[in-house]
Amino acid sequence: MSTNTDLASMFHTMATILEIKGESGFKVNANTKVARALEDLVEDVASIPDLTSIPGVGKSSATKIQNYLKTGQMIEFEALRNSIPSGLLDVMRVQGLGPKKVRQLWQEADVIDIATLRKAIDDGRLDTLPRMGKKTIENISEALAFVETSGNRTRIGIAMPLAESIIQSLQEQPGITNIAFAGSLRRGKETIGDIDILASTENPMALSDAFCTMNNVAIVQAKGETKCSVRLESGMQVDLRVVDKSKFGAALLYFTGSKEHNIILRERAIKQHKKLNEYELEPSNTSDTEEAIYADLGLPFLPPEIRENRGELLCDQIPNLITLQDIRSDLHCHTTASDGHMSIEELAMHAIARGYHTIAVTDHSQSQGQANGLKPKRLLQHIEAIHTANAAIDAITILAGSEVDILQDGTLDYEDELLAKLDIVVASPHAALSQSSSEATARLLKAIEHPLVHIIGHPTGRIINKRKGLEPDIPALIAAAAQHNTALEINANSYRLDLRDTHLKAAVDGGAMLSINTDSHRPVDFEQLRYGILTGRRGWLTPEKCVNCFTHDKLIAWLRRN
DNA sequence: GCCGTTTTCGGCCCGACTGTTTTCAGTCG
């Protein structure tokens, strides 16, 4: 499956090179579009008979992909890559440098990578270039410092609390009527490039002053009447837009994106002889709320999480997406018996406080030595302890479970006889996470088909920005999960979010059940649930398809289905 | 390079800010 990722990255690279070479922007866009389509693809691209059936992929790109699949090489890619110094792709990542300036630096100042750019600045070679004044060079020099440090996008678990605290501090400014975050953060993406904040105020200057002088600001990149841009000491970029209150809806829609969603919306407006921009939908008086704008365009309100041009604009009826309030149980949590920091009773109290009817105790199995995984004898004692706590606490059902390792070959970490004594079995891969796609598929299928397994925990084992994890044949897993009534987990921890949004949409479409769990080790981990919910919504998940939303009796019946 | 509820050719989303200009190109989102 990494073929998809490899190809996507090649098309992204081709788009960038074409830009630097000054080719038509439409051609550049076309390549970017193909790259994005490949990123969104759930099935292995090699398994698709007609590549041009993928929207955005035409004859030319299809041929390139086919050649790569056949030979492991793409002639056009190699040719493009050899046509410019490869270091220029790094130079493109410098904020403020786009294709035109990079080409100028290359052709007129012999810049071929970050190092020669640094040197060119230092020896004054850039000073004489046209449209390259003192300030521009200064800005490039400052931005260079961030290229090395800020390679990764930020996890939503970091970005969202940060955005909330910024909003909280700005909210106290006089004259504020509206303030919200937009962008990929509002869409609930697993990682965020920068934070977009949108506000209406009667006192714009006070707000932008307050924004640009927040105590964690490192650099003010732009400061205007309606737009400010800063970089925080952490490297995170934060943009503030100020708009008129009557146009807040149009602006929120615009800055929430995604870009692809917006483009389709604007095209739709044009077809209706209207014009949509970041301020208003013309001719119309309905620019103050997103709801009114969608209605004016003849569309239902589309929740931010699904605005990705993945079918939401072609859909007559948007399903009722899952919310935090729909969750009635957490089926994957740890106690001090393995590597958690809560007792069984503490776990139960936190779950009661959240209004759950059921909590599952699922400590690690014996192979997880470093996590103090339970040997069979300790598991038997633990089951007893859980039953005792369950009998003592009326307000909630405490299930005796285990997070059982799915070993490398797909067998489980306990004998069936022992597993049968548990109320719930969450089977998860923890080790051997770099095995081949076919091995991973066979391994996970074996667990899905096991009659005593209820949920597959964090199915790929990926860690965002750190570990790629398994790359199984996702459609095959989904089909098996649907057939055997085994739920696939959305692990809500913001390091994991596994299954990820795109896989999830395929799972929902494929009729599989899902389960959103926090994998809590400490009380604070329960708060991560919201990231699981956002991911679920990005995958068009409804409460009916999520076992954590079942009533108590329905959940118990589902657990005893075999 | 891709695409078609006016099209197989002729389009392809839109505006703010910066820096360098003296009316605008480049970058960004």
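Lettering follows sequence order; numbering is per chain, from 1.
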Selection from dC14(B), dA16(B), dG29(B) that lies nearest to any side-chain heavy atom of Lys275(A): dC14(B)

Testing the 3.5 Å rule here: is there a donor-acceptor pair between the side chains of Asp525(A) and Thr518(A)? no

Answer with base, sugar-phosphate or nothing: what part of the nucleic acid does Lys33(A) contact at a heavy-atom distance below 4.0 Å? nothing

With the threshold set at 4.0 Å, does a side-chain nitrogen-carboxylate oxygen contact exist between Arg530(A) and Glu164(A)? yes

No-hydrogen, no-angle side-chain donor-acceptor test under 3.5 Å, Arg231(A) and Gln95(A): yes

Asn29(A) near the nucleic acid: base, sugar-phosphate alone, or nothing, with a heavy-atom cut-off under 4.0 Å? nothing

Could you tell me whether Lys134(A) contacts a base, only the sugar-phosphate backbone, or nothing, with contacts defined as non-hydrogen atoms closer than 4.0 Å? sugar-phosphate

Distance, P atom - from dT8(B) to dG15(B), rounded to whole angstrom: 29 Å

Indicate, with a heavy-atom threshold strictly under 4.0 Å, whether Gln237(A) touches base, sugar-phosphate, or nothing. sugar-phosphate

Across the strands shown, which category fits Pro130(A) at heavy-atom distances under 4.0 angstrom: base, sugar-phosphate, nothing? nothing

Could you tell me whether Ser61(A) contacts a base, only the sugar-phosphate backbone, or nothing, with contacts defined as non-hydrogen atoms closer than 4.0 Å? sugar-phosphate

Out of Lys189(A), Arg36(A), Lys505(A), which one pairs with Glu308(A) under the side-chain hydrogen bond (donor to acceptor under 3.5 Å, both in side chains) rule? Arg36(A)

Can a donor-acceptor pair under 3.5 Å be found between the side-chain atoms of Tyr254(A) and the base atoms of dG29(B)? yes

Euclidean distance, atom NZ of residue Lys227(A) to atom P of dT27(B) [Å, nearest integer]: 14 Å

Is Asp194(A) touching bases, backbone alone, or none of the nucleic acid, heavy atoms closer than 4.0 Å? sugar-phosphate

With the side chain of Thr136(A) defined as its heavy atoms from C-beta on, choose the nearest nucleotide among dC14(B), dG19(B), dG1(B). dG19(B)

In the structure shown, which nucleotide is the Watson-Crick or G-U wobble counterpart of dT8(B), with both distances under 3.5 Å? none

Where do Gly539(A) and Val508(A) come nearest, in terms of heavy atoms and distance? O-CG2, 3.5 Å

With heavy atoms under 4.0 Å as the rule, sort Ile270(A) into base, sugar-phosphate or nothing. sugar-phosphate

Closest nucleotide among dT18(B), dG29(B), dG26(B) to the Arg241(A) side chain: dG29(B)

With the side chain of Lys100(A) defined as its heavy atoms from C-beta on, choose the nearest nucleotide among dG29(B), dA16(B), dT27(B). dT27(B)

